[in-house]
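This report concerns only the one structure given below.
Owing to the predicted nature of the structure, the values given are computational and were not obtained by experimental measurement. Every chain is numbered from 1 and lettered A, B, ... according to where its sequence line falls, protein lines coming before strand lines.
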Amino acid sequence: MPELPEVEVVRAGLEPAVSGARVLAVHVLDERALTRHDGPGEDFAHRLTGRTIAAAVRRGKFLWMPLEPAPNPEAASTEHTEHAEHAEHAGHPEALVAHLGMSGQILLGRGDRPAAKHRRILLEVQPAGTDRDGTQEPPVELEFVDQRTFGSMAIDTMVPTIDGAAAGFAGHVDDEHPDASWRRSIPSQVSHIARDPLDPAFDDDRFIAMARKRASGIKRVLLDQGVVSGIGNIYADESLWGAKLHYDRPAERLTRADLRLLLAEVRAVLGRALEDGGTSFDAQYVNINGQSGYFSQRLAVYGQQGKPCPRCGTPIVREAFMNRSSHRCPVCQPRPRATRR
DNA sequence: ATACACGCCTGCTGGC
DNA sequence: TGCCAGCAGGCGTGTA
């Protein structure tokens, strides 16, 4: 479930279950789910087992769970001498990083469900809370399911954010622990990703300046995670419709006002999708309980080819752009006059 | 630096 | 009915 609203639905569902939880066991069922991890499955399992998860944080489509410092890194490194190089990372904060790719899901359960067909990684975690009797909550299964294996998990070291601000959105935990050590650190493999438009530290002027240096079509800029993160094909098309812009309008020729309006539309669309629990076309895109979101019912153009534009009634068209499909209203979003090339 | 092609995978749909 | 091309919410790398 891949764009910002869908990943945020997962993050929000994960947050209460994993914050303060301890990883009891790690089962790597398919190594292809570790393409972002620098090392084999045993290394991933070894570095994660026994660790305590601090929170669930998201920037754009990337999700990560900062880990409390390992209690005894020395013992750990001597035990697995073949990965002793990780001893040099002792003291550096680490996080469990997840990217859902095209078809990834993270599901929580009590182990009472039949195993999903494309289950790739299984974590057994012990939640932090104790109930009124003081007895421990039962362990929870966290499964990473991914049909197409474009998504993956990794243990990654964290580096300080370049602007010193919080690395991403962490929900309630953020309010309770605004100065937590993990707050201003970001997994190194996520550090090249721009902030997302819902991030309070997102710099509108910087986005506008970057966009106006690009000769390419505005949709390409929206999809560039180094310029603005969290937007994928669905929300790019929806936002461009909202701002009445054709996807191939050269970004460098848009006015600042055009780009401010576009940014406002991006935020409105993402916000509405969030309210609806994200966009689900099938059982592939679900929250941590396996439930679908309802934003697909409110899509104006994505997948709506042949149906009337909600604004003017003209049939929506679908066209190829950047080797994928784009949807637009031919009247509200006319092709730029000088078709480039 | 930027722009593009391509690879990574599985499963479903539509046309023949 | 079968087969095959085409398509699907993404990212990283390599090449000009």
Side-chain angles (χ1 to χ4, degrees), chain A residues 1-10 29-38 58-63 97-106 116-120 144-154 156 187-194 196 209-240 247-248 250-252 266 269-270 273-274 276-287 292-296 298-299 301-305 318-327 340-341:
Chain A
M1 41 188 310
E3 302 185 41
L4 186 153
E6 294 77 33
V7 180
E8 174 53 27
V9 166
V10 171
L29 308 170
D30 190 331
E31 295 263 342
R32 293 176 303 173
L34 294 178
T35 50
R36 286 178 171 80
H37 182 76
D38 183 23
R58 180 193 53 74
R59 174 188 289 202
K61 306 173 199 176
F62 276 89
L63 181 63
V97 181
H99 195 289
L100 302 179
M102 290 281 263
S103 56
Q105 308 172 342
I106 295 177
K117 185 176 179 188
H118 300 291
R119 176 191 267 191
R120 310 294 185 193
F144 181 70
V145 178
D146 190 9
Q147 177 192 103
R148 295 174 67 186
T149 70
F150 287 179
S152 68
M153 286 186 152
D156 196 9
S188 60
Q189 63 182 269
V190 190
S191 61
H192 69 291
I193 297 294
D196 63 63
M210 284 179 87
R212 282 164 56 93
K213 283 181 194 159
R214 298 292 194 97
S216 53
I218 182 60
K219 181 170 174 179
R220 188 183 296 282
V221 176
L222 281 184
L223 293 176
D224 186 337
Q225 305 297 301
V227 176
V228 52
S229 68
I231 304 168
N233 208 32
I234 294 180
Y235 298 110
D237 282 4
E238 292 297 307
S239 303
L240 289 168
Y247 51 78
D248 207 16
E252 64 184 358
V266 166
V269 167
L270 295 177
L274 221 35
D276 284 4
T279 302
S280 306
F281 296 128
D282 53 40
Q284 202 75 241
Y285 305 96
V286 295
N287 66 15
S292 294
Y294 296 96
F295 190 69
S296 58
R298 291 212 262 167
L299 292 171
V301 290
Y302 189 89
Q304 307 301 304
Q305 55 273 22
R318 173 180 151 179
E319 299 163 337
F321 179 65
M322 290 174 68
N323 295 321
R324 53 212 309 199
S325 54
S326 285
H327 310 73
R340 296 162 316 119
R341 262 184 315 278

message: As an exercise, state the distance from OH of A:Tyr302 to CZ of A:Phe295, rounded to the nearest 0.5 Å.
response: 13.0 Å

field: Listed partners of A:Arg220 passing side chain to side chain donor-acceptor pair (under 3.5 Å), at least two apart
entry: none

query: Between B:dA3 atom P and A:Lys213 atom NZ, what is the distance in whole Å?
result: 13 Å

message: Check the phosphate of C:dA8 against A:Asn233, side-chain N and O only, distance under 4.0 Å to OP1 or OP2. Yes or no?
response: no

field: Heavy-atom neighbours of A:Tyr294 OH exceed 12 at 6.0 Å
entry: no

field: 5'-most by nearest nucleotide on DNA chain C - A:Gln147 or A:His192
entry: A:Gln147

message: In whole Å, I'd like the distance from the CG atom of A:Asp146 to the P atom of C:dG10.
response: 13 Å

query: Is A:Phe150 stacked on the base of B:dC9, with ring centres under 5.5 Å apart and planes under 30° apart?
result: no

field: Proximal nucleotide (of C:dC11, B:dA3, B:dA5) relative to the A:Asn323 side chain
entry: B:dA5

task: Could you go through the side chain to side chain contact (heavy atoms under 4.5 Å, CB included) check for A:Tyr235 and A:Leu4 one step at a time?
output: CA-CA 9 Å; A:Tyr235 298 110; A:Leu4 186 153; over 6 Å; no

- prompt: Roughly how far, to the nearest 0.5 Å, is the CZ atom of A:Arg324 from the NZ atom of A:Lys219?
  reply: 6.5 Å

task: Whole angstrom is fine here: how far is it from CG in A:Asp237 over to C1' in C:dA8?
output: 14 Å

- prompt: So which nucleotide from C:dA8, C:dC11, C:dG10 ends up closest to the side chain of A:Ser325?
  reply: C:dA8

task: Just say parallel, tilted or perpendicular for the rings of A:His99 and A:Phe62, cut-offs at 30° and 60°.
output: perpendicular

message: Could you check whether the side chain of A:Arg324 and the base of C:dA8 have a donor-acceptor pair of N or O atoms closer than 3.5 Å, going by distance alone?
response: no

field: Between CG on residue A:Asp224 and CD1 on residue A:Ile231, distance to nearest 0.5 Å
entry: 10.5 Å

message: Is there a side-chain contact between A:Arg318 and the phosphate of C:dC7, meaning an N or O under 4.0 Å from OP1 or OP2?
response: no

task: Using the P atom on both, measure C:dA5 against B:dG7 and round to a whole Å.
output: 15 Å

task: Output yes when at least one side-chain N/O atom of A:Ser103 is less than 4.0 Å from OP1 or OP2 of C:dA8, else no.
output: no

query: What nucleic acid atoms does A:Tyr302 come within less than 4.0 Å of, heavy atoms only: base, sugar-phosphate, or nothing?
result: sugar-phosphate

- prompt: Does a side-chain N or O from A:His99 land closer than 4.0 Å to OP1 or OP2 of C:dG12, or not?
  reply: no

field: side-chain N/O A:Ser216 vs B:dA3 OP1/OP2, d < 4.0 Å
entry: yes

- request: Rounded off to whole Å, could you give me the CG-to-C1' distance for the A:Leu223 and C:dC11 pair?
  value: 12 Å

- prompt: For A:Glu6 and C:dG10, what is the distance between atoms CD and C1' respectively, to the nearest whole Å?
  reply: 13 Å

message: Below the 4.0 Å mark, does B:dC12 have OP1 or OP2 next to a side-chain nitrogen or oxygen of A:Arg148?
response: no

query: Do the side-chain N or O atoms of A:Arg220 get closer than 4.0 angstrom to the phosphate oxygens (OP1, OP2) of B:dT2?
result: no

field: Interatomic distance, A:Leu222 CG vs C:dC11 P [rounded to whole Å]
entry: 13 Å

query: Any Lys/Arg nitrogen of A:Asp146 or A:Arg32 sitting under 4.0 Å from an Asp/Glu carboxylate oxygen of the other?
result: no

task: For B:dG11 and C:dC11, measure between their P atoms and round to the nearest Å.
output: 22 Å

- line: Applying the Watson-Crick and G-U criteria (both distances under 3.5 angstrom) with [ ] for crossing and | for other-strand pairs, one obtains for DNA chain C .|||||||.|||||||

- prompt: Roughly how many Å is it from CZ in A:Arg32 to P in B:dG7, rounded to a whole number?
  reply: 18 Å

task: Check the distance between B:dG11's C1' and A:Asp282's CG and give it to me in whole angstrom.
output: 10 Å

